[in-house]
Amino acid sequence: MSFSQSDKIGLLVHNMKILSRILKMASANTRMIVAAQYTAAGEAADETAFRDIDQRLKKGAGWFSVLSRDIRFCLDAMLLIDKKQTSGSAELLFDRYRKLVKSGFLRQQQTYIAAAMLAGAEENGLDAIMAKANEMYKLLKKRHFVLTNGGDVSLIILLAQLDAEAPVLIEREEYYFEGLQKYGFRKNNDLQTLACVLAFLSDQPSRSLIEKCAAVKNSIAANRIRLHSNCYPIYGMIALLQDEDHAVQEIANFYQAMREEKMSLFIDKDFYFQTAAHLCIGSRLQAEGQERAADPGIVSMTDLLIRAQEAAQAAAMAASASAVIAANSSGAN
């Protein structure tokens, strides 16, 4: 079913109102991600169903879990919107999480995201996917020792579900990682994420896809929208469209219309843009016959939320440490 821009914004605003009631203590960015998932699916959030699955995830995770409240809310929506899921989807998520940890991945929030991606996978294919994911992690670590860490598990699981062998997929990722740097993309974690997204979206290394990503970057700048490098991954999704310049203009218009709604004063500008892109891209890819079973856009947005939380925690710890040091210095004097 096709929705106009005003229909999408109306549904997004409606979902934000529902979720603001359900997720009172969640950040505005979290509510935006969850609302975007429902809106992209053309659905209104179901408060009863959401509360039900959230209670099951909260109970299953336990009191001392690494899973934060905000990321749990994102998982709730991922499981509810996936039509392949059953009433036992929460239990399947924890089963997949335990299997990922047992196979060598860390107990962390990104591993829960990866587990949600595997919740609908066939049981008899899980061992092969996890073995392939471990092989890919080791190969990627050799290429990018500093950039690659356990937090990349969701991207690796995304790639590991493809038919190609692990070395082929890493070579494809490396092709994009090196090629994009020649067009001014900074060598950082966001570029590695973009390279993994492109490796997932393309069957073969594509020079034109690199050039289209660069064109997307330039077109966004031409629209006077200043974004941080954490938006790199969504550039790959836009580049997949047949007319990326027209797509950027459509997204820019949607982005401005969203901001005019003033859904919250505390939503990050980058989240606004990524949400606008996610909602515009989904319908365009579907119309062009390029819709994918997994959604790397939501994965990268959720990963961005996790990193923002970690940065905030690190800043709070640094501030506390500085206060203690200052107090001790004052006492010594």
Backbone N or O of [Y] within a donor-acceptor pair of the [X] side chain at under 3.5 Å?
X      : Y      : value
Thr148 : His144 : yes
Asp70  : Ser27  : yes
Arg172 : Asp203 : yes
Lys132 : Ala164 : yes
Asn230 : Phe271 : no
Asn188 : Asp190 : yes
Asp268 : Asn29  : no
Arg96  : Ala121 : yes
Asn134 : Ser103 : yes
Gln181 : Phe177 : yes

Residue pair Tyr255 / Arg259, side-chain donor-acceptor N/O under 3.5 Å:
yes
For the student: nearest non-hydrogen atoms of [X] and [Y], plus distance:
X      : Y      : value
Val153 : Ala114 : CG2-CB, 3.9 Å
Ala44  : His14  : CB-CD2, 3.9 Å
Ile238 : Ala247 : CG2-CB, 4.2 Å
Ile129 : Ala160 : O-CB, 3.8 Å
Phe105 : Ala133 : CZ-CB, 3.9 Å
Ser264 : Ala28  : OG-CB, 3.4 Å

Does [X] have more than 12 heavy atoms from other residues, nucleotides or ligands lying within 6.0 Å of its [atom1]?
X      : atom1 : result
Arg226 : CZ    : no
Asn218 : CG    : yes
Lys269 : NZ    : yes
Arg186 : CZ    : no
Glu178 : CD    : yes
Arg224 : CZ    : no
Lys141 : NZ    : yes

* Hey, mind stepping through Lys142 and Ile170 against side chain to side chain contact (heavy atoms under 4.5 Å, CB included) and telling me if it holds? -> CA-CA 11 Å; Lys142 285 182 180 178; Ile170 296 303; over 6 Å; no
**Asked** In terms of the angle between their ring planes, are Phe73 and Phe50 parallel, tilted or perpendicular, with boundaries placed at 30° and 60°?
**Response** tilted
Test of understanding: clusters of I, L, V, M, F, W, Y form through side-chain heavy atoms closer than 4.5 Å, transitively. Do [X] and [Y] belong to the same one?
X      : Y      : value
Leu106 : Leu100 : no
Tyr137 : Val101 : yes
Phe266 : Met258 : no
Val66  : Met78  : yes
Leu11  : Ile267 : no

Mind running side chain to side chain contact (heavy atoms under 4.5 Å, CB included) on Glu171 and Arg143 for me, showing each step along the way? CA-CA 10 Å; Glu171 284 297 330; Arg143 297 294 185 100; 2.2 Å; yes
[X] vs [Y] side-chain heavy atoms within contact, under 4.5 Å:
X      : Y      : result
Lys99  : Leu118 : no
Met117 : Gln161 : yes
Val197 : Tyr232 : no
Ile220 : Tyr235 : yes
Tyr183 : Lys217 : no
Arg72  : Arg69  : yes
Glu250 : His246 : yes
Leu191 : Tyr176 : no

(message) One pair to check against side chain to side chain contact (heavy atoms under 4.5 Å, CB included): Leu75 and Leu57. What are the steps and the verdict?
(response) CA-CA 9 Å; Leu75 291 173; Leu57 286 186; 4.0 Å; yes
Here the gap from Phe254 atom CZ to Ile281 atom CD1, rounded to the nearest 0.5 Å, amounts to 11.5 Å
Taken to the nearest 0.5 Å, the spacing of His278 NE2 from Met32 CE works out to 12.0 Å
Full working for side chain to side chain contact (heavy atoms under 4.5 Å, CB included) between Thr275 and Thr39:
CA-CA 10 Å; Thr275 301; Thr39 305; over 6 Å; no
| query | Does the side chain to side chain donor-acceptor pair (under 3.5 Å) test come out yes or no for Asn253 and Gln249, once each step is laid out? | reply | CA-CA 6 Å; Asn253 293 338; Gln249 190 58 57; 3.2 Å; yes
Can we say Glu211 and Lys182 salt-bridge, meaning some charged N sits less than 4.0 Å from an Asp/Glu carboxylate O?
no
